[in-house]
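As a basis for the values below, the full set of heavy atoms in this structure was taken, side chains included, without hydrogen atoms, waters or symmetry mates. One-based numbering along the sequence shown.
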Amino acid sequence: RGFVVRGLARFGRYLGTCAFALIVGIDAFLIKFAQTAEYAAREDLDLASFARMLVFLFQLLGVTNLSRFSRKRLEVFIFGGADGRVSNHEKGLQNYWNATLTKRIF
């Protein structure tokens, strides 16, 4: 019984921490977005304003895992064939290729 209570307490702390991080993250995003919108709305766009907008864009893109997305798209392009869909046979070829690559690397 004590094990279940401790587990639920840990899970509650985890959910509380995630909710806090979500609230802080959204707030920080909204503040940066509002500042960037002010820079973009200026009539006289100077180099500093443009640089600030680029920094915001890089921060925004840094949140997403682009390497996983681009790798998945590349694998579909290589193994998907003309239709762009990976069949079970093509998925097997992809797994074989990944296993062979891993074996050669290690």
Side-chain angles (χ1 to χ4, degrees):
R1 179 157 168 103
F3 178 73
V4 173
V5 172
R6 276 195 314 258
L8 287 174
R10 290 181 73 188
F11 185 66
R13 278 195 310 267
Y14 172 74
L15 285 179
T17 303
C18 287
F20 178 74
L22 178 69
I23 290 169
V24 170
I26 289 174
D27 188 43
F29 169 76
L30 290 175
I31 289 171
K32 288 182 179 187
F33 184 77
Q35 289 175 344
T36 304
E38 287 178 16
Y39 294 130
R42 290 183 179 172
E43 290 184 17
D44 55 336
L45 185 66
D46 57 345
L47 187 60
S49 297
F50 186 72
R52 288 182 179 117
M53 288 188 296
L54 279 179
V55 166
F56 175 73
L57 180 65
F58 285 133
Q59 286 178 346
L60 192 62
L61 290 175
V63 172
T64 59
N65 190 354
L66 290 178
S67 63
R68 184 187 321 171
F69 175 74
S70 51
R71 179 177 177 189
K72 177 86 173 152
R73 297 285 298 183
L74 184 61
E75 288 174 350
V76 168
F77 177 73
I78 293 172
F79 297 103
D83 60 354
R85 296 183 184 187
V86 180
S87 66
N88 288 336
H89 175 72
E90 292 165 338
K91 185 69 175 170
L93 290 174
Q94 180 181 349
N95 289 337
Y96 176 77
W97 183 81
N98 285 331
T100 305
L101 179 66
T102 303
K103 184 177 179 182
R104 286 191 177 203
I105 290 174
F106 296 108

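Between the CZ atom in Arg73 and the CD1 atom in Ile78 there is a gap of 12.5 Å [rounded to 0.5 Å]. Rounding to the nearest 0.5 angstrom, the gap separating the CG atom in Asn98 from the CG atom in Leu93 is 11.0 Å.
Nearest heavy atoms, Gln94 versus Val86: OE1-CG1, 4.1 Å. In plain terms, the two heavy atoms of Glu90 and Phe79 that are nearest each other are CD-O, 3.1 Å.
Both Leu74 and Ile105 are assigned to one and the same hydrophobic cluster, defined by single-linkage of ILVMFWY side chains at heavy-atom distances under 4.5 Å. Under a hydrophobic clustering in which Ile, Leu, Val, Met, Phe, Trp and Tyr are joined whenever their side-chain heavy atoms come within less than 4.5 Å, directly or via other members, Phe106 and Tyr96 fall into different clusters. The hydrophobic cluster containing Val55 does not contain Tyr39, counting ILVMFWY residues as joined when their side-chain heavy atoms lie under 4.5 angstrom apart, directly or transitively.
No side-chain heavy atom of Arg85 sits less than 4.5 Å from a side-chain heavy atom of Val76. Side chains of Met53 and Leu45 form a contact here, defined as non-hydrogen atoms less than 4.5 Å apart.
Arg42 and Glu38 are not joined by a salt bridge, as no carboxylate oxygen comes within less than 4.0 angstrom of a charged side-chain nitrogen.
With sequence neighbours left out, the side chain to side chain donor-acceptor pair (under 3.5 Å) criterion links Asp46 to Ser49.
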Name the atoms and distances for all side-chain donor-acceptor pairs under 3.5 Å in residues 4-33, with sequence neighbours left out.
{"residue": "Thr17", "atom": "OG1", "partner": "Arg13", "partner atom": "O", "Å": "2.8"}
{"residue": "Lys32", "atom": "NZ", "partner": "Gln59", "partner atom": "OE1", "Å": "3.0"}

